[in-house]
K.L.:
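Sharing a structure below in structure tokens format, with a few things to ask.
The basis for the numbers below is simple: all heavy atoms, side chains too, and nothing from hydrogens, waters or symmetry mates. Counting convention: from 1, in listed order, for ligands and their atoms alike.
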Amino acid sequence: MRDRAKFLAAFAKRPFDTGSITPSSAWLAQAMVEGMELPDADTVVELGPGTGVFTRVIEGQLRPEARFLCFEINRDMAKALSDRFPGVQVVNDSVEHLDRHLQAAGRKSVDSAISGLPWAAFSPERQATLLDATVNALRPGGRFATFAYSHAAWMPPGRRFRELLDSRFSCVETSAVVWRNVPPAFVYRCRK
Ligand SMILES: C[S@@+](CC[C@H](N)C(=O)[O-])C[C@H]1O[C@@H](n2cnc3c(N)ncnc32)[C@H](O)[C@@H]1O
């Protein structure tokens, strides 16, 4: 309940960054990590973790020596995440500066990137800037997962984002719809 309140407050302040009035469900979190090969990964990033629904599931699949960085632009959420997940490196900065933080962490590239960013709420330029920062950080063959709300995926910003994915990745697949998420959503699973 506190997480829902936190989300609502964030949405009221920054609707285009927050993109949703409620956190994702545990069912969507499970679909997000499927096929991401997390138990074999050395370096994993999460983009826009919010209150940490995906963070918990990702952390649970990683080896203790894997490096896990979460990029959260909202200061209050970043602080709450750090308190909740002391073993995770929470970066209170935008995804477009991913490369800088990766270098500071002594890592050259990322094996898997899992995104909760509200792509359909972004302008075309912002979609491209944030996706390019992510793709540039991924190693060849690296994996990327993100979700889209089913009702929004076929609207112009959602369709534009799908085209962007097709132009940046060698393989883009979609999961079945997670009907138990509110609203229903599906996952894009991509390989560089
Ligand atoms: C739709 S919420 C998703 C939160 C969580 N992953 C979930 O599914 O419940 C999007 C999150 O992305 C964050 N965000 C938006 N733009 C960002 C950026 N450029 N860099 C890092 N985080 C960003 C927002 O602050 C918000 O917490």
K.L.:
Yes or no on side chain to side chain contact (heavy atoms under 4.5 Å, CB included) for Q127 and L131, after CA distance, side-chain angles and deciding distance?
P.N.:
CA-CA 6 Å; Q127 283 186 346; L131 191 64; over 6 Å; no

K.L.:
Check I114 against F54 and note the closest heavy-atom contact, atom names and distance.
P.N.:
CG2-CD1, 4.5 Å

K.L.:
So if I count the atoms of ligand 1 from 1 in the order they appear, which ones are less than 4.0 Å from some heavy atom of F54?
P.N.:
6 (N), 8 (O)

K.L.:
Under a 4.0 angstrom heavy-atom cut-off, which atoms of ligand 1 come close to F71?
P.N.:
21 (C), 22 (N)

K.L.:
Might you point out which heavy atoms bring E72 and N92 nearest each other, and give the distance in Å?
P.N.:
O-ND2, 3.0 Å

K.L.:
Give the numbers and elements of all ligand 1 atoms closer than 4.0 Å to a heavy atom of N74.
P.N.:
25 (O)

K.L.:
Should you measure from each heavy atom of G50, which atoms of ligand 1 turn up under 4.0 Å away?
P.N.:
4 (C), 27 (O)

K.L.:
Does a side chain donor of either S25 or N181 reach within less than 3.5 Å of an acceptor in the other side chain?
P.N.:
yes

K.L.:
Any idea which heavy atoms bring E96 and T129 closest together, and the distance?
P.N.:
CB-CG2, 4.1 Å

K.L.:
Check this for me: does any side-chain nitrogen of one of R67 and D42 sit under 4.0 Å from a carboxylate oxygen of the other?
P.N.:
no

K.L.:
Taking only heavy atoms of P49, which atoms of ligand 1 are found under 4.0 Å from at least one of them?
P.N.:
4 (C), 5 (C), 6 (N)

K.L.:
Could you tell me which non-hydrogen atom of F144 sits nearest to which non-hydrogen atom of L138, and how far apart they are?
P.N.:
CB-CD1, 4.1 Å

K.L.:
Determine the interplanar angle of the F161 and W119 rings, folded into 0 to 90°, and report it as parallel if under 30°, tilted if 30 to 60°, perpendicular if over 60°.
P.N.:
parallel

K.L.:
What heavy-atom pair brings R84 and T51 nearest, and what distance separates the two atoms?
P.N.:
NH1-O, 2.9 Å

K.L.:
Which of the atoms in ligand 1, numbered in the order shown and given with their element, are less than 4.0 Å from a heavy-atom of R126?
P.N.:
19 (N)

K.L.:
Quick check: S24 and ligand 1, any N/O pair under 3.5 Å apart?
P.N.:
yes

K.L.:
For atom 13 (C) of ligand 1, state which one of E72, H97, E96 supplies the nearest heavy atom.
P.N.:
E72

K.L.:
Please determine whether any non-hydrogen atom of L117 lies less than 4.0 Å from an atom of ligand 1.
P.N.:
yes

K.L.:
Between I73 and ligand 1, is there a nitrogen or oxygen pair with a distance under 3.5 Å?
P.N.:
yes

K.L.:
For ligand 1, which atoms sit closer than 4.0 Å to a heavy atom of M77?
P.N.:
27 (O)

K.L.:
G116 to ligand 1: N or O pair under 3.5 Å?
P.N.:
no

K.L.:
Are any of the N/O atoms in S94 less than 3.5 Å from those in ligand 1?
P.N.:
yes

K.L.:
What do we get for T51 next to ligand 1 when only non-hydrogen atoms under 4.0 Å count, side chain, backbone, both or neither?
P.N.:
neither

K.L.:
Regarding T55 and E46, is there a side-chain donor-to-acceptor distance under 3.5 Å anywhere?
P.N.:
yes

K.L.:
Using every non-hydrogen atom in the two residues, find where V172 and L165 come nearest and quote the distance to one decimal.
P.N.:
CG2-O, 3.8 Å

K.L.:
So is P118 polar-close to ligand 1, meaning N/O to N/O under 3.5 Å?
P.N.:
no

K.L.:
Mark up the atoms of ligand 1 that fall under 4.0 Å of a heavy atom belonging to P23, in ascending order.
P.N.:
9 (O)

K.L.:
Just to check, does D93 reach to within less than 4.0 Å of ligand 1 when the distance is taken from its heavy atoms?
P.N.:
yes

